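Contents: one structure, followed by commentary.
Protein chains get the first letters and strands the later ones, always in sequence-line order, with residue 1 at the start of each. As the structure is a computational prediction, the values presented were derived from the model and not from experiment. These values consider heavy atoms only, across backbone and side chains, with no hydrogens, waters or symmetry-generated copies.
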There are 2 protein chains.
Amino acid sequence: MKMHNPPHPGEILRELCLKPLGLTVTQAAEALDVSRKTLSGILNGRAGISPEMAVRLSLAFGTSAESWMNQQTQYDLWHMERRRKKLHVAKLSAA
Amino acid sequence: MKMHNPPHPGEILRELCLKPLGLTVTQAAEALDVSRKTLSGILNGRAGISPEMAVRLSLAFGTSAESWMNQQTQYDLWHMERRRKKLHVAKLSAA
DNA sequence: ATCAGTGTAACGTATGCGGTTACAGATCAC
DNA sequence: GTGATCTGTAACCGCATACGTTACACTGAT
């Protein structure tokens, strides 16, 4: 009942932060004080948003670190839910 | 402006899930299909809630995986915010 | 052709989650 | 006391991932 295939946060980062400001990956990486490779990995969905990166993004773009973390959570959980059935977990609550 | 020192999710897990049901750590670990050590690490704040563990908890206790992830995020970010100033990040937005 | 920007492979490090085994301490039944 | 159970945790393993540097190939603009 949630969303379909949430985009990885890097996609949002590129579209809503880098593009509007006309920033190159290199420039943004320098501002964030991370390597170009690290930022590139996020932008292309090969790496996630770490708590530290969420804070860096909040500092650079004036957004909330929490929102970046939540986007990462949505992305992670969506991919994890597909493996629900593979987990042999016993119900404990409304048993 | 947020909360003070959010508890690690393991504390909530123990108080709100294990205790009310009178579950031992051993029993809960078996139900979750993880090792006793893994659950113990979470309960005692030495490990975080992974996306997979969040789904396991949701299956066992009928809670939402998202809520567990959010609690972990709150805990992580609170500890990360203390290092804000140590990050040499340049402002890019309202520059 | 030259140069800026980009993605990414290859290598390293650190951290974190997960497992097993084994131990010490606490608690309870007997 | 003796034994059983539960617990925390140390010591070890494997694996994944975040981050770094360096180096390469590709693209597009000048």
Side-chain angles (χ1 to χ4, degrees), chain A residues 8-11 13-15 17-60 65 68-69 71-73 75-77 79-80 82-84 86-89 92, chain B residues 8-11 13-15 17-60 65 68-69 71-73 75-80 82-83 86-89 92:
Chain A
H8 51 261
E11 206 170 318
L13 178 57
R14 193 194 294 269
E15 298 302 321
C17 297
L18 299 210
K19 284 218 177 140
L21 294 174
L23 290 167
T24 68
V25 178
T26 304
Q27 289 171 333
E30 285 171 357
L32 291 166
D33 195 32
V34 298
S35 75
R36 185 166 61 82
K37 184 204 172 182
T38 294
L39 180 57
S40 175
I42 292 169
L43 291 173
N44 293 288
R46 298 185 300 102
I49 305 281
S50 65
E52 181 181 318
M53 184 59 70
V55 172
R56 286 183 191 277
L57 292 173
S58 78
L59 286 167
W68 290 110
M69 291 297 289
Q71 286 179 44
Q72 186 63 48
T73 288
Y75 183 77
D76 287 343
L77 281 186
H79 287 279
M80 194 61 62
R82 323 173 83 195
R83 288 185 241 166
R84 269 201 166 227
K86 296 202 173 84
L87 305 177
H88 310 163
V89 177
L92 285 175
Chain B
H8 53 262
E11 205 169 318
L13 178 56
R14 193 193 292 270
E15 297 302 319
C17 296
L18 299 210
K19 285 221 177 137
L21 295 174
L23 290 167
T24 68
V25 178
T26 304
Q27 289 171 334
E30 285 171 356
L32 291 166
D33 195 31
V34 297
S35 75
R36 185 166 61 83
K37 184 206 170 181
T38 294
L39 180 56
S40 175
I42 292 170
L43 290 174
N44 294 288
R46 297 185 300 104
I49 305 281
S50 65
E52 181 181 318
M53 184 60 70
V55 172
R56 286 184 192 276
L57 292 174
S58 78
L59 286 167
W68 291 110
M69 291 297 288
Q71 286 178 44
Q72 186 62 49
T73 289
Y75 183 76
D76 287 344
L77 281 186
W78 190 85
H79 287 278
M80 195 60 64
R82 323 173 84 197
R83 287 185 242 167
K86 297 204 172 83
L87 305 177
H88 310 163
V89 177
L92 286 174

Worksheet item: If you look at every strand shown and take non-hydrogen atoms under 4.0 Å, does Ser35(A) touch a base, only sugar-phosphate, or nothing?
Response: base

Item to complete: With a 4.0 angstrom cut-off to heavy atoms of chain A, pull out the first and last contacting nucleotide of DNA chain D, in 5'-to-3' order.
Response: dA18(D) to dA23(D)

Worksheet entry | Residues in side chain to side chain contact (heavy atoms under 4.5 Å, CB included) contact with Ala31(A), at least two apart in sequence or another chain | Ala90(B), Leu92(B)

Worksheet item: Residues two or more places apart in sequence or in another chain: which of them pass salt bridge (Lys or Arg N to Asp or Glu O under 4.0 Å) with Arg83(B)?
Response: none

Worksheet entry | Separation of atom CD in Glu30(B) from atom P in dG19(C), rounded to whole Å | 13 Å

Item to complete: Specify the separation, in whole Å, of atom CE of Met80(B) and atom P of dG16(C).
Response: 9 Å

Worksheet item: Can you name the residues that form a salt bridge (Lys or Arg N to Asp or Glu O under 4.0 Å) with Lys86(A), not counting sequence neighbours?
Response: none

Discussion item. Give me each pair satisfying salt bridge (Lys or Arg N to Asp or Glu O under 4.0 Å) with a member in residues 33-51 of chain A, each pair once, sequence neighbours excluded.
Written reply: none

Item to complete: Quick one: list whatever passes salt bridge (Lys or Arg N to Asp or Glu O under 4.0 Å) with Glu15(A), sequence neighbours left out.
Response: Lys19(A)

Item to complete: Indicate, with a heavy-atom threshold strictly under 4.0 Å, whether Asp33(A) touches base, sugar-phosphate, or nothing.
Response: sugar-phosphate

Worksheet entry | Partner residues of Glu11(A) under the salt bridge (Lys or Arg N to Asp or Glu O under 4.0 Å) criterion, sequence neighbours left out | none

Worksheet entry | Under 4.0 Å protein heavy-atom contacts per nucleotide of nucleotides 3-8 of chain C, with B for base, S for backbone only and - for none | --SBBB

Fill in: Ile42(A) CD1 to Leu57(A) CG distance, which is reported to the nearest 0.5 Å
6.5 Å

Worksheet item: With sequence neighbours left out, what residues match Glu30(B) under side chain to side chain contact (heavy atoms under 4.5 Å, CB included)?
Response: Thr26(B)

